[in-house]
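Below, each value reflects all heavy atoms present in this structure, side chains not excepted, and no hydrogens, waters or symmetry copies. Just so you know, ligand 1 is whichever comes first in the structure, and atom 1 is the first atom listed for that ligand.
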Amino acid sequence: ATERTLSIIKPDAVAKNAIGDIIARFEKAGLRVVAAKMLHLSEEKAGGFYAEHKERPFFNDLVGFMTSGPVVVQVLEGEDAIAKNRDLMGATNPKEAAAGTIRADFAETIDANAVHGSDSVESAEREINYFFGNDEICPR
Ligand code: CMP
């Protein structure tokens with residue numbers, strides 16, 4: 001089915017000047033960018049985004065990293081967009097990410113892991129609405 005997913009290009013990948021290389025991978029895989037913006041997240045905005053991880057030991061480091069520099073948030077649309085994006089990203093820990101995936105090629109550590117992608121239809125809907133109003137999404 002046609003789905004939408006939220007993608008974040010994280011501060012490490014933005015700092016590496018890899019925004020274009022990463023978006024090219026989405027486009028070459030048949031995903032379309034239907035919304036995009038660059039943001040420097042506040043602690044409140046990053047903490048709210050990752051609220052489900054609030055009790056995890058890595059929460060403070062995660063929020064610290066995600067607020068360390070600008071990010072690019074995008075809505076990607078396409079056939080099986082959620083799973084397709086996760087295949088393109090590779091495993092959360094770049095040390096376990098398959099060769100040729102975004103995290104294998106651009107990421108260094110489990111926090112500085114280059115990209116985020118929604119993990120289910122429900123989280124995609126929540127995450128897209130967390131960053132974008134309906135008038136900021138351009139169906140195509
Ligand atoms: P992301 O997909 O953005 O969702 C939560 C993030 O927490 C994850 O990517 C990692 O960057 C980060 N993280 C840090 N430590 C862990 C861990 N032990 N397990 C899962 N995620 C972690």
Side-chain angles (χ1 to χ4, degrees):
T2 299
E3 293 172 346
R4 287 179 178 173
T5 189
L6 186 88
S7 165
I8 305 179
I9 301 176
K10 296 189 180 188
D12 57 319
V14 173
K16 280 184 179 161
N17 229 10
I19 296 168
D21 286 342
I22 290 172
I23 290 179
R25 292 188 182 208
F26 299 146
E27 292 190 330
K28 282 178 185 147
L31 298 174
R32 296 177 297 278
V33 177
V34 295
K37 58 188 160 189
M38 192 168 207
L39 297 168
H40 195 140
L41 299 178
S42 64
E43 268 188 41
E44 190 187 359
K45 190 82 179 172
F49 182 74
Y50 285 121
E52 66 182 299
H53 297 306
K54 208 165 175 74
E55 306 306 326
R56 307 283 288 273
F58 58 81
F59 181 76
N60 285 343
D61 284 349
L62 173 61
V63 171
F65 175 69
M66 291 300 288
T67 57
S68 67
V71 300
V72 178
V73 291
Q74 315 120 72
V75 178
L76 306 176
E77 186 178 82
E79 188 67 21
D80 289 326
I82 296 165
K84 200 174 266 184
N85 182 39
R86 293 180 74 79
D87 286 348
L88 292 169
M89 292 194 296
T92 304
N93 185 344
K95 292 181 178 65
E96 294 162 9
T101 61
I102 292 169
R103 284 165 171 159
D105 290 343
F106 296 103
E108 310 297 335
T109 68
I110 196 162
D111 279 312
N113 68 348
V115 279
H116 167 83
S118 307
D119 64 7
S120 66
V121 172
E122 294 70 33
S123 55
E125 187 168 308
R126 179 187 80 80
E127 291 176 3
I128 290 168
N129 291 328
Y130 190 78
F131 282 111
F132 292 97
N134 265 335
D135 60 343
E136 295 178 294
I137 301 175
C138 303
R140 30 181 295 217

Exercise for the section: For side-chain contact (heavy atoms from CB on, under 4.5 Å), just list the numbers for Asn85 and Val115, CA-CA rounded to whole Å, side-chain angles, deciding distance to a tenth of an Å, and then say yes or no. Expected result: CA-CA 10 Å; Asn85 182 39; Val115 279; over 6 Å; no
Exercise for the section: Among all protein heavy atoms, pick out the one at the shortest distance from atom 9 (O) of ligand 1; state its residue, atom name and that distance to 0.1 Å. Expected result: Lys10 NZ, 3.2 Å
Problem - Check: Val72 and Ile22 side chains under 4.5 Å, non-hydrogen atoms - result: no
Exercise for the section: Decide if atom NZ of Lys54 counts as having more than 12 heavy atoms of other residues, nucleotides or ligands within a radius under 6.0 Å. Expected result: no
Handout entry: Side-chain ion pair, Asp105 and Arg25, N-O less than 4.0 Å
Key = yes
Exercise for the section: Compare all side-chain heavy atoms of Thr109 with those of Asp12 and state whether any distance is below 4.5 angstrom. Expected result: no
Handout entry: Shortest protein contact, atom 11 (O) of ligand 1 (heavy atom only)
Key = Ile110 O, 2.5 Å
Fill in the blank from the handout: Among non-hydrogen protein atoms, atom 19 (N) of ligand 1 lies closest to Phe58 CE2, 3.7 Å
Exercise for the section: Flag yes if Phe49 and Phe65 sit in one hydrophobic cluster, no otherwise; membership is Ile, Leu, Val, Met, Phe, Trp, Tyr, and two members link when side-chain heavy atoms are under 4.5 Å apart. Expected result: yes
Completion exercise
Looking only at protein heavy atoms, what sits closest to atom 4 (O) of ligand 1 is Tyr50 CE2, 3.4 Å
Problem - Part of Thr92 with heavy atoms under 4.0 Å of ligand 1, whether side chain, backbone, both or neither - result: side chain
Handout entry: Matching residue for Ser7 among Glu127, Gln74, His116 - test: side-chain hydrogen bond (donor to acceptor under 3.5 Å, both in side chains)
Key = Gln74
Exercise for the section: Could you check atom 6 (C) of ligand 1 against the protein and tell me its nearest heavy-atom contact, residue, atom and distance included? Expected result: Leu62 CD1, 3.7 Å
Practice task
With heavy atoms of His53 as the reference, note each atom of ligand 1 found under 4.0 Å away.
Solution key: 5 (C)
Problem - Subset of ligand 1 atoms that lie under 4.0 Å from at least one heavy atom of Arg103 - result: 2 (O)
Practice task
Could you give me the CA-CA distance, side-chain angles and deciding distance for Ile19 and Met38, then say whether side-chain contact (heavy atoms from CB on, under 4.5 Å) is met?
Solution key: CA-CA 10 Å; Ile19 296 168; Met38 192 168 207; 4.1 Å; yes
Practice task
Write out the residue and atom name of the closest protein heavy atom to atom 1 (P) of ligand 1, then the distance separating them to 0.1 Å.
Solution key: His116 ND1, 3.4 Å
Practice task
Provide, to 0.1 Å, the distance between atom 14 (C) of ligand 1 and the closest protein heavy atom, together with that atom's residue and name.
Solution key: Asp111 OD1, 3.3 Å
Fill in the blank from the handout: Under 4.0 Å between heavy atoms, the region of Asn113 that gets near ligand 1 turns out to be side chain
